[in-house]
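Count residues from 1 along the sequence. Note that the structure is predicted; figures quoted are calculated from it, not measured.
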Amino acid sequence: MPVSLLLVGPGEELLMRNVVQKRLYRAFSRRGAVVVGGLVFALVHLPAYATGGADAAALAVTLARLCCVSLVLGVVYERTDSVVASALAHGAYDAIQFGALFALAS
């Protein structure tokens, strides 16, 4: 959980929001950049979930969930112009997910 909070979330946000989304602002409206960035974020994460046991329905739900999370993170960045805000939100989301998985496994 600490790694997610302090490294993974912030690292992904530095790349996704501070580089990708910022560059998408040149080609799209700010809202459009958030949507396109959200799709890119979800598609980049999808291979991690596409294991041998995953069926099409499970992948579709996962893709939708990833898009929703990414849209929220993109809006946080767009509204605050702060990668710190989106990084903290991302890190907290990941840490909560891992904590919930740990609690279920215990």
Side-chain angles (χ1 to χ4, degrees):
M1 286 174 38
V3 171
S4 292
L5 183 63
L6 300 172
L7 297 175
V8 176
E12 288 183 352
E13 290 304 303
L14 279 170
L15 175 63
M16 197 60 221
R17 309 297 162 217
N18 208 35
V19 175
V20 174
Q21 186 168 318
K22 201 179 275 188
R23 287 191 181 171
L24 289 171
Y25 287 158
R26 296 180 199 156
F28 300 95
S29 67
R30 288 177 76 88
R31 182 177 288 165
V34 169
V35 171
V36 172
L39 291 171
V40 169
F41 181 89
L43 291 172
V44 166
H45 280 78
L46 198 57
Y49 295 93
T51 60
D55 63 8
L59 287 176
V61 169
T62 299
L63 184 62
R65 182 182 59 82
L66 288 168
C67 281
C68 288
V69 169
S70 185
L71 289 173
V72 169
L73 296 171
V75 168
V76 168
Y77 179 76
E78 191 271 330
R79 296 258 171 107
T80 64
D81 283 323
S82 169
V83 74
V84 173
S86 64
L88 289 173
H90 188 153
Y93 175 81
D94 285 352
I96 289 166
Q97 293 296 305
F98 287 122
L101 286 172
F102 178 77
L104 289 173
S106 297

### Inter- and intrachain pairs under salt bridge (charged side-chain N to carboxylate O under 4.0 Å, His left out), touching residues 28-37, at least two apart
Arg30-Glu78, Arg30-Asp81

### Interatomic spacing from CG in Leu73 to CZ in Arg17 - rounded to 0.5 Å
5.0 Å

### Task
With sequence neighbours excluded, give me every ring-ring contact (aromatic ring centres under 6.0 Å, His included) pair touching residues 2-37.
none

#### Entry: With Arg79 via side-chain contact (heavy atoms from CB on, under 4.5 Å) - residues at least two apart
Val75

### Message
Side-chain heavy atoms under 4.5 Å apart, restricted to Ile/Leu/Val/Met/Phe/Trp/Tyr: what other residues fall into the cluster of Val19, or is it alone?
### Response
Leu15

Please set out all donor-acceptor pairs under 3.5 angstrom arising from side-chain atoms of residues 92-102, sequence neighbours excluded.
residue, atom, partner, partner atom, Å
Tyr93, OH, Arg65, NH1, 2.9
Asp94, OD2, His90, NE2, 3.2

### Message
Using the side-chain contact (heavy atoms from CB on, under 4.5 Å) criterion, which residues pair with Ala58? Sequence neighbours excluded.
### Response
Asp55

## Note on the structure
On a heavy-atom basis, the closest approach of Gly38 and Ser70 is CA-OG, 3.1 Å

### Message
Give me each pair satisfying ring-ring contact (aromatic ring centres under 6.0 Å, His included) with a member in residues 62-82, each pair once, sequence neighbours excluded.
### Response
none

### Task
For Leu71, enumerate each residue passing the side-chain contact (heavy atoms from CB on, under 4.5 Å) test, keeping only those at least two apart in sequence or located in another chain.
Val34, Val35

Check residues 39-46 and write down every donor-acceptor pair under 3.5 Å in which the side-chain atom is one partner and the other belongs to a residue at least two apart or another chain.
residue, atom, partner, partner atom, Å
His45, ND1, Phe41, O, 2.9
His45, NE2, Glu12, OE1, 3.2
His45, NE2, Glu12, OE2, 3.2

### Task
Specify the closest pair of heavy atoms between Gln21 and Gly74, including all atoms of both residues, with the distance to one decimal.
NE2-O, 3.2 Å

### Query
Nearest heavy-atom pair of Thr80 and Val76: which atoms, and what distance?
OG1-O, 2.7 Å

